[in-house]
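Residue numbers start from 1 in every chain, and the chains themselves are labelled A, B, ... in the order their sequence lines are given, proteins ahead of strands.
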Amino acid sequence: MAENNSSLDCSIDWDSDDDREIDNYGLPSTSASATAPCGHSNGGSSGLGEGTSSSPGSNCEIIRHFVGMGFPEKQVARVIDELGDENHNLVLETLLTYSVLEDTPQQPNDIQVPEEVQHDLSLQELRPVESGHSSSDYYVNSFDEFSDTDSPSMEVETPSPDEDEKLLFLTSMGYSVFEASIAIERCGRDATIAVLTDFICAAQMARASDVHFIEQDKKKHSLGSLSKLKRRKNQDCDAWKRKKHRCEEDDELIRLPKPMIGFGVPTESYEIVHRTIPEVAKGPPYFYYENVALAPKGVWNTISRFLYDVEPEFVDSKFFCACARKRGYIHNLPIKNRFPLVPLPPFTIHEAFPLTKKWWPSWDTRTKLNCLQTAIGSAKMTERIRKALEECGDNDPPMHVQKYVLDLCRKWNLVWVGKNKLAPLEPDEFETLLGFPKNHTRGGGISRTDRYKSLGNSFQVDTVAYHLSVLKDMYPEGINVLSLFSGIGGAEVALHRLGIPLKTVVEVEISEANRNIMRSWWEQTNQRGTLVDIADVQQVDTDKLAQLMDLYGGFDLVVGGSPCNNLAGSNRVSRDGLEGKESSLFYDYFRILDSVKTILASRSS
DNA sequence: TAGAATATGAAGTAGAGT
DNA sequence: ACTCTACTTCATATTCTA
């Protein structure tokens, strides 16, 4: 089923055959903030003072570099003259700013940016946000599109410093100045970034309300459940606030496919073999992004919007192995002629753990384990279960005891290891289920607790390998990989097991223990390529990327799953969504991916 | 002090029924 | 439209212990 995902408003319509060109409307521009939203830095260097010491070069070269990105030569020369050529990011941000300020008055429909806004978006205030590369077109077009329907003569008060920060942040997310200022004006100065982005999304939706959507009668197993995203007519802000709750329920959210097989899995007959990827998203470089499927509402809409409006592929690993793992993947890989890793892993609990069969009661009908997480059940809890069962004698326990036990079994992924004896899985059993070699995370000074943590945060290798398998024919001589948030190397293990030579792997991983695990695996598997370690994603700026790409010849694949801490349902404390402390590092994934795309594009032209 | 052990719900989805 | 039940979830904070 050919699908055109070029619908660019915030409400994603996977089934629309709307053939509007990718005009960058609503797309967060390629300029993403390097500093994590909410101002935290995670201990990494960030912001204005970051050492973006560019390698010395002549002005000519640098001017050519930016001209190649589409900026007027005269303007580039002027900016470099003003700022020097030391800090490429600063130069780029300045050029972008000029693009915004100079282009806006030329928009059709006589839309004017309020003077105050223009004034407050002075160069100085835009500077502090370090940015990836961007096409200035994004700003221009998004401004144009937004203003097309909303009130053009909105009065905007002079922003307060707090407003400035929000304005700055929103523009760094890719929204136009006008969109951002209107949102702040309408929703109030105290509105959070989340509320403001919601407002902008709603306005974009409203703007698109005249677009008709063809609801396709898909088969039961199709991804049709992602569709049927209606459009709300009413674009009044107050009305929107009243209706927000209802709209979120039935309008704009990406829905999970059922069964959760993405574009297809080896074990199910139904599959999709064709999809349409937006032009701006097409590889190379190929990219592969992963996170939890059951994230808070709206998160996947945002992630998808940033990642060039590519439709997420939601897959439950229970179709690949003996444990469930519901994850969303956004990638621009072909989906035809995928193949699974062999040998196929155990498919049921009994196949994975034959020894448990002897003790498994008939009333425990589980065939698959639930998601492997970062923490395990306590001994006291399994002891309570044992006592409860022993009180029931040799017969099957009464229904309420069965339910009590089964609920805990499902919650903590317990398996039967003796008469009335349940136990959580061992770390090496985690490794097997997830497709890693046994003892992959063992030794090297890592604690048992940390093994669970690292494994619980990892890819399911068979699942990921199935998606990556199409790369094998494309890169017979080997592949250069930029691996962000590598963890214990799920992607690398998958590529290796697929028989794809790893020419270069640049891994970015904050945990030293995880980097050690990767390094150890690299050596044990006699890799002939080069492994480069980087600790902090925020150290990976445009200069660093350009340097690495000079050295190794560009990246073929940018792979990674950004932190799920603030998205995962298990988190009782800080499930704050995509703006959360750790999960906001998604924006760094986007920033880095976009920089790689930009650098590649500038070099190929 | 590091590691281990333990306790700590809510949010979201889906389906059935009223 | 609404309520109710059933089910799942890449985690965190605190306390204990060697």
*Taking the six-membered ring where the residue is Trp, are the ring centres of A:Y589 and A:F287 under 6.0 Å apart?*
no

Margin query: Taking the side chain as everything from C-beta on, heavy atoms only, tell me whether A:L578 gets closer than 4.5 Å to A:N566.
Written below: no

A:K368 NZ to C:dT8 C1', in whole Å, measures 16 Å

Check your understanding: Mind checking whether A:Y286 and A:L468 have side chains closer than 4.5 Å, heavy atoms only?
Key -> no

Exercise for the section: Please work out if A:R384 contacts a base, only the sugar-phosphate, or nothing of the nucleic acid, heavy-atom cut-off 4.0 Å. Expected result: sugar-phosphate

So the stems of DNA chain B, runs of at least three Watson-Crick or G-U pairs (under 3.5 Å), are B:1-8 with C:11-18, B:10-18 with C:1-9

With the side chain defined as heavy atoms from C-beta on, A:R575 is closest, among C:dC10, C:dT9, B:dA11, to B:dA11

note: A:I376, atom CD1; C:dC10, atom P; distance rounded to Å ~ 18 Å

### Message
When you measure only distances, ignoring hydrogens and angles, does the side chain of A:R327 come within 3.5 Å of the base of C:dC10 through a donor and an acceptor?
### Response
yes

By nearest-nucleotide position on DNA chain C, the 5'-leaning member of A:V573 and A:K403 is A:K403

Phosphate OP1/OP2 of B:dA14 contacted by A:R255 side-chain N/O (<4.0 Å):
yes

Between CG of A:L414 and P of B:dT6 the distance, given in whole Å, is 13 Å

Between CE of A:M381 and P of B:dA7 the distance, given in whole Å, is 9 Å

Do A:F436 and A:W521 have their ring centres less than 6.0 Å from each other? no

- Query: Within the structure, does a side-chain N or O atom of A:S570 lie under 4.0 Å from either OP1 or OP2 of C:dA11?
  - Reply: yes

Is the ring pair A:H331/A:H467 parallel, tilted or perpendicular, if the boundaries are 30 and 60 degrees?
parallel

Discussion item. Under 4.0 Å, heavy atoms only, any strand: does A:S562 hit a base, just the sugar-phosphate, or nothing?
Written reply: base

Per nearest nucleotide of DNA chain B, the residue lying toward the 5' end, A:L294 or A:G377, is A:G377

So CG of A:L425 and OH of A:Y452: to nearest 0.5 Å the spacing works out to 7.0 Å

Using OP1 and OP2 only, check whether a side-chain N or O of A:Q373 sits under 4.0 Å from C:dT9. no

Separation of C:dC10 atom C1' from A:E509 atom CD, nearest Å, is 13 Å

Whole-Å distance, A:R325 CZ to C:dT9 C1', equals 11 Å

Please work out whether the ring planes of A:F590 and A:Y308 are parallel, tilted or perpendicular, with thresholds of 30° and 60°.
-> tilted

Taking only the side-chain nitrogens and oxygens of A:K258, find out if one of them lies under 4.0 Å from OP1 or OP2 of B:dG15. yes

A:W412 CH2 to B:dT8 P, in whole Å, measures 11 Å

**Q.** Side-chain N,O (A:N571) to OP1/OP2 (C:dT9) below 4.0 Å
**A.** no

**Asked** Taking only N and O in the side chain of A:N565, is any of them less than 4.0 Å away from OP1 or OP2 of C:dC10?
**Response** no

Sorted by position of nearest nucleotide on DNA chain B, 5' first, the leading residue of A:K380 and A:P296 is A:K380

Residues in residues 442-453 of chain A with a heavy atom under 4.0 Å of DNA chain B, by number, are A:S447, A:R448, A:T449

Requested in this report: Assign A:T374 to base, sugar-phosphate, or nothing according to its heavy-atom contacts below 4.0 angstrom with the strands shown.
Outcome: base

Main chain of A:R442, side chain of A:N439: is a donor-acceptor contact present, judged purely on distance under 3.5 Å?
no

In whole angstroms, the gap separating P of B:dA14 from NZ of A:K326 amounts to 12 Å

- prompt: Can you tell if the side chain of A:C323 reaches within under 4.5 Å of the side chain of A:S317, non-hydrogen atoms only?
  reply: no

Requested in this report: State, with a plain yes or no, whether a side-chain heavy atom of A:H440 is found less than 4.5 Å away from one of A:S454.
Outcome: no

Output for pair (A:N565 CG, A:N457 CG), nearest 0.5 Å, gives 6.5 Å

